[in-house]
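First comes the structure, then the notes that go with it.
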Amino acid sequence: MSTYTPSEIEPKWQDAWDAAETFKATRSDDKPKYYVLEMFPYPSGRIHMGHVRNYTMGDVIARYKISTGHNVLHPMGWDAFGMPAENAAMASGGHPKDWTYQNIEDMKAQMKPMGWSLDWNREFATCDPEYYGQQQAMFLDMWEKGLVYRKNAVVNWDPVDMTVLANEQVIDGKGWRSGADVERRELTQWFFKISDYSEELLDGLDGLENWPAKVRLMQENWIGKSRGLQFSFARTDGGDPIEVYTTRPDTLNGASFVGISPDHPLAKELAENNPEVAAFRAECAKGGTTAEELETGEKLGFDTGLTVQHPLNPDWHLPIWIANFILMDYGTGAIFACPAHDQRDLDFCRKYDLPVIDTFFALDDDTPVAIEAFVPPKDQVVRWVDHFAGLSEATGQEAIDATIDFAEKAGWGQGKTQFRLRDWGLSRQRYWGCPIPVVHCDSCGVVPEKKENLPIRLPDDVSFDQPGNPLDRHDTWRQVQCPKCGNAARRETDTMDTFVDSSWYYARFTAPWADTPTVAEEAEYWMNVDQYIGGIEHAILHLLYSRFFARAMNVTGHLPASASEPFDALFTQGMVTHEIYQTRDDQNRPVYHLPKDVTDGKLADGSEVEIIPSAKMSKSKKNVVDPVNIISAYGADTARWFVLSDSPPERDVEWTASGADAAFKFLNRIHRMATEIAALDGGAGADDEELLRAMHKAIQDVTNGVESFGFNAAIAKLYAYANVVQKAKAGGDAKRQAMVTLAHLMSPFTPHLSEEIWQMFGGEGLIANTPWPFADEAMLVEDTVTLPIQVNGKRRSEIAVAKDLAKEEIEKLALEQEGVVRALDGATPKKIIVVPGRIVNIVI
RNA sequence: GCCGCUGUGGUGGAAUGGUAGACACGACAGAUUCAAAAUCUGUUGCUGGUAACAGCGUCUCGGUUCGAGUCCGAGCAGCGGCACCA
């Protein structure tokens, strides 16, 4: 008897699919198209289990759609720009380009044996000049349409290395290499005007019914639409008034001070003549730029000594403080603080001994605010203390609306809609990215490159032996002629954020060979992506930027308006996790060990390891399992089956050696069963009808599972069905049919094994191209149902009844059951609830 | 700190508001074997009981409901994101 040898059958069927060009996508009108896309990988050089899970999910969908008569596009490429390539060059001397292309080659070699249904003809890397040149062309188009501009923005500055740091390079407020205290520093940078689309990006979320609700909610909160009041505080010293924006104008009577950002023009002006203010501003500039750091850091304030008039009472003067938690790029960079109803303001006021004034109380409580601010939900009715707009009892929202109305009528303020979403800063002071196609000329200013000069290629002759951007020190590359006046000028040395690269790659896949960003008829045909699959970590930035870019590409003529929401359906999968094995060195620092070096909680030398439960697989923690090893030990089908079998796809999955082993055993069993059943004689048997009913139920269940991303549920049904097929005392004909159907239903998951079984049973052509099995409704109908019977919500018995038995009959039968009689213990039922086909509940 | 998510046996997990624990791992027992591996069969939430059965049980505390793992409120813990990691 032949045994299951994935090392033989897997390459064989991969060659067969290649030879038949099974996965090559070509535009054609004879079938509906289906575009399935997984987020493309960063070429780190090694694939990991997260990739295996992500691409296997997409593969299941792609193969299922092929077998249901779709023209499927399932491409693959590389998100190839970014910091790791430069870090590698700094660490070991090579060139980012060589490192990246070598990694791509290595990773591709690891991906091919997985048997994914990818159309490798459309492969590209974002660091290919053919790709980033088109990106530069789009940048110029966007500039022309007013979607690109320059302004100052803060960056993390390492004062020792004299270089800009990424957030992840700032560790505890210090530069990762130099260890120097990081400062915030302003730099002129390039921006995309994503804020022009705030309203549209928000409204568009409503139409994304096939996106996870949580992703839409996160984006909604990120865009952060709010309505508030903008007004000015007049300065008592006659200086320029302070313009503030507030979402809680109803609490104006509780104002205790006016706060301005350290970057507010007034703060800068004061700093010029007041060394104390300058020192305070410098203090505020310490540390990194992340929101987390700003919001969890110590709240610092500085009393400027200046005061403003309260708009409702000219005799009420409020001090102006500079406060480090006020952001210059949200609203007007100035606020008024109402400590009674905002915890951060309250903490600040207690620290600096500023007054706390209650403006409203709960209906049943009038305790003044002490150390905890009273912040009820905006739809809760509260009792107001002498409110200027004449309110007594009203909700926060009603009060806000009434106050805006009041201020507008009185003429001292204006209702204003504000978004939290900021413009997208795309400048990076780094080498390994798409050069921004711009020239700086002393006489013409900032000038766009001519399109015929694109792509502006990265120079190859650069070195990474010192910190900073090599483009900055590359004199021959920097020196250019001004595209406008022809005089000597300087090339822009900033490159683009890698999020730009990944914001339109899905569109490029529709015509990756084109010498324009896209080709109209190809984009029209293939867009939108019907199913997009990727990690939840991209819920906000990547997906929001892509939605913006699709709109910008429409404005610039590179995508149809119908592709403005580029991803029809989104699925966010969980991570692959693994235990961490840890010991301590002589200084009690953790030392990590690879799973393959640990047996039964011990290292080879017998020392015990500490086991830290499931954490995201990461190289630094060494809790990684290399798919390459799994494939050589078990084959790709086992890896594919396991990553989808145990956990719901949207949740994390823990990789366990025993789980992989079990998957391998199961596939062996299927292979053995198939071999045995293929050898059976024909004819009928006792269980034929029952087996075929189970088969149709399995078809229905697995189809539903695949369609709804319930891969783990589909696999559980396949296990159960395989058990039925194995044990059924059916005739050869029925068993053969049941077995081939089992292989067919497994084919999106274990395509190689399924092809092998298909061939074993004399199937025609490839199972990959064979229409998906169809569940016969007539075979799914059940005549009897088992009803559990509860007494007071506790299950006491069950009855098997005809599906359409009358309620009265069911009640009668239920009351006769021994377990029910015992539970009733002579009591009279008050009420009997019969849910047809589901349950009976007797209430006493 | 802010936004979002998750929490069920020894383990991964299943369950349109309707029998909690499907399916799988592990464990235990048996068959097969000279023996082992592989395979096959059975048992397996916890407690008590030979058993029938009973009590308890889905992070915690409350609530809605004939009925809550599921809905609502308040906590606790873990995870993801927070605009220069990708």
Side-chain angles (χ1 to χ4, degrees), chain A residues 39-42 44 79 81-84 153 155-156 164-170 189 194 212-215 217-222 224 288-297 299 325 343-344 420-430 497-499 501-502 535-542 544-545 572 574-575 577 613-616 642 645-648 650-654 656 658-659 661-663 665-666 668-669 672 710 712-713 715-720 723 726 786-790 792-798 819 822 830-833 835 837-844:
Chain A
M39 291 177 185
F40 66 164
Y42 180 80
S44 62
D79 189 12
F81 275 135
M83 292 201 308
V155 294
N156 301 304
V164 177
L165 298 178
N167 285 336
E168 70 158 9
Q169 296 173 319
V170 179
Q189 308 207 61
I194 191 173
K214 65 175 169 182
V215 174
L217 185 58
M218 279 191 262
Q219 292 216 353
E220 183 183 326
N221 290 338
W222 186 262
T289 59
T290 65
E292 187 186 358
E293 204 168 331
L294 295 173
E295 282 177 45
T296 54
K299 307 291 176 284
F325 59 86
Q343 191 61 45
R344 188 170 56 183
R420 203 185 74 100
L421 178 65
R422 308 201 296 255
D423 276 334
W424 174 5
L426 68 116
S427 291
R428 297 292 180 270
Q429 293 71 40
R430 270 182 267 286
D497 177 7
T498 56
F499 272 123
D501 312 336
S502 56
I536 184 67
E537 65 271 24
H538 295 293
I540 295 176
L541 293 180
H542 162 61
L544 191 63
Y545 289 157
T572 52
M575 297 176 302
T577 63
S614 72
K616 179 177 179 169
F642 177 69
S645 65
D646 260 13
S647 274
E650 68 277 13
R651 290 242 288 270
D652 294 351
V653 65
E654 165 112 1
T656 57
S658 58
D661 225 41
K665 279 185 193 171
F666 177 71
N668 269 289
R669 197 177 123 207
R672 199 164 51 240
N712 59 322
I715 285 177
K717 300 288 185 190
L718 284 165
Y719 269 108
N723 291 342
Q726 187 164 21
T786 303
L787 293 183
I789 302 164
Q790 298 179 330
N792 276 356
K794 278 186 189 296
R795 183 182 170 279
R796 296 299 176 185
S797 184
E798 64 178 35
R822 191 170 41 233
K830 261 190 234 158
K831 191 170 167 188
I832 303 178
I833 292 147
V835 185
R838 301 236 60 132
I839 204 164
V840 179
N841 191 10
I842 300 166
V843 186
I844 54 172

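Numbers restart at 1 for each chain; the letters A, B, ... are given by sequence-line order, proteins then strands. The shown structure was predicted, so the numbers you read here are calculated from the model rather than taken from an experiment.
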Watson-Crick or G-U wobble mate for [N], both contacts under 3.5 Å:
{"N": "C46(B)", "result": "G55(B)"}
{"N": "A15(B)", "result": "none"}
{"N": "A74(B)", "result": "U60(B)"}
{"N": "G69(B)", "result": "none"}
{"N": "A37(B)", "result": "none"}
{"N": "C2(B)", "result": "G81(B)"}
{"N": "U32(B)", "result": "none"}

Determine the contact category for [X]: base if any of its heavy atoms lies under 4.0 Å from a base atom, sugar-phosphate if only primed atoms, P, OP1 or OP2 are that close, otherwise nothing.
{"X": "Thr290(A)", "result": "sugar-phosphate"}
{"X": "Trp424(A)", "result": "nothing"}
{"X": "Ser427(A)", "result": "base"}
{"X": "Gln343(A)", "result": "nothing"}
{"X": "Pro41(A)", "result": "nothing"}
{"X": "Arg344(A)", "result": "nothing"}
{"X": "Val170(A)", "result": "nothing"}
{"X": "Phe499(A)", "result": "base"}
{"X": "His538(A)", "result": "base"}
{"X": "Leu421(A)", "result": "base"}

Among [options], which is the nearest nucleotide to the side chain of [X]?
{"X": "Met83(A)", "options": "C85(B), C66(B), C84(B)", "value": "C85(B)"}
{"X": "Ala291(A)", "options": "C84(B), A86(B), A83(B)", "value": "A83(B)"}
{"X": "Glu292(A)", "options": "C85(B), C82(B), C53(B)", "value": "C82(B)"}
{"X": "Met218(A)", "options": "G4(B), G1(B), U39(B)", "value": "G4(B)"}
{"X": "Asn841(A)", "options": "G18(B), A86(B), A83(B)", "value": "G18(B)"}
{"X": "Arg796(A)", "options": "A54(B), C84(B), G18(B)", "value": "A54(B)"}
{"X": "Asn221(A)", "options": "G4(B), C66(B), A83(B)", "value": "G4(B)"}
{"X": "Arg672(A)", "options": "C82(B), C40(B), C85(B)", "value": "C40(B)"}

Between [X] and [N], does any side-chain N or O lie under 4.0 Å from OP1 or OP2?
{"X": "Arg651(A)", "N": "G7(B)", "value": "yes"}
{"X": "Asn167(A)", "N": "A83(B)", "value": "yes"}
{"X": "Ser647(A)", "N": "G13(B)", "value": "yes"}
{"X": "Lys214(A)", "N": "C79(B)", "value": "no"}

Roughly how many Å apart are [M] and [N], using the [atom1] atom of each and rounding to a whole number?
{"N": "C5(B)", "M": "A74(B)", "atom1": "P", "value": "14 Å"}
{"N": "A24(B)", "M": "G7(B)", "atom1": "P", "value": "23 Å"}
{"N": "C53(B)", "M": "U32(B)", "atom1": "C1'", "value": "37 Å"}
{"N": "G63(B)", "M": "A68(B)", "atom1": "P", "value": "12 Å"}
{"N": "G12(B)", "M": "G18(B)", "atom1": "C1'", "value": "26 Å"}
{"N": "U41(B)", "M": "U47(B)", "atom1": "P", "value": "28 Å"}
{"N": "U60(B)", "M": "U50(B)", "atom1": "C1'", "value": "38 Å"}
{"N": "A31(B)", "M": "G80(B)", "atom1": "P", "value": "50 Å"}

Can you say whether a donor on the side chain of Gln189(A) sits under 3.5 Å from an acceptor on the base of C84(B), or the other way round?
yes
Considering heavy-atom distances to RNA chain B, does Ile833(A) or Gly819(A) have its closest nucleotide positioned more toward the 5' end?
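Result: Gly819(A).
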Mapping Val215(A) and Arg428(A) onto RNA chain B by nearest heavy atom, which one lands closer to the 5' end?
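That would be Val215(A).
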Please state how far atom [atom1] in [X] lies from atom [atom2] in [N], giving the value in whole angstrom units.
{"X": "Lys794(A)", "N": "A68(B)", "atom1": "NZ", "atom2": "C1'", "value": "13 Å"}
{"X": "Leu541(A)", "N": "A86(B)", "atom1": "CG", "atom2": "P", "value": "12 Å"}
{"X": "Arg422(A)", "N": "C82(B)", "atom1": "CZ", "atom2": "P", "value": "12 Å"}

Detail all sub-3.5 Å separations between protein N/O atoms and N/O atoms belonging to nucleotides 19-24 of chain B.
residue: U19(B); atom: O2; partner: Arg795(A); partner atom: NE; Å: 2.7
residue: A24(B); atom: OP1; partner: Asn723(A); partner atom: ND2; Å: 3.1

Check nucleotides 42-51 of chain B against the protein and report each pair of N or O atoms closer than 3.5 Å, with its distance, or say if there are none.
none

G9(B), syn or anti by chi within 90 degrees of zero
syn
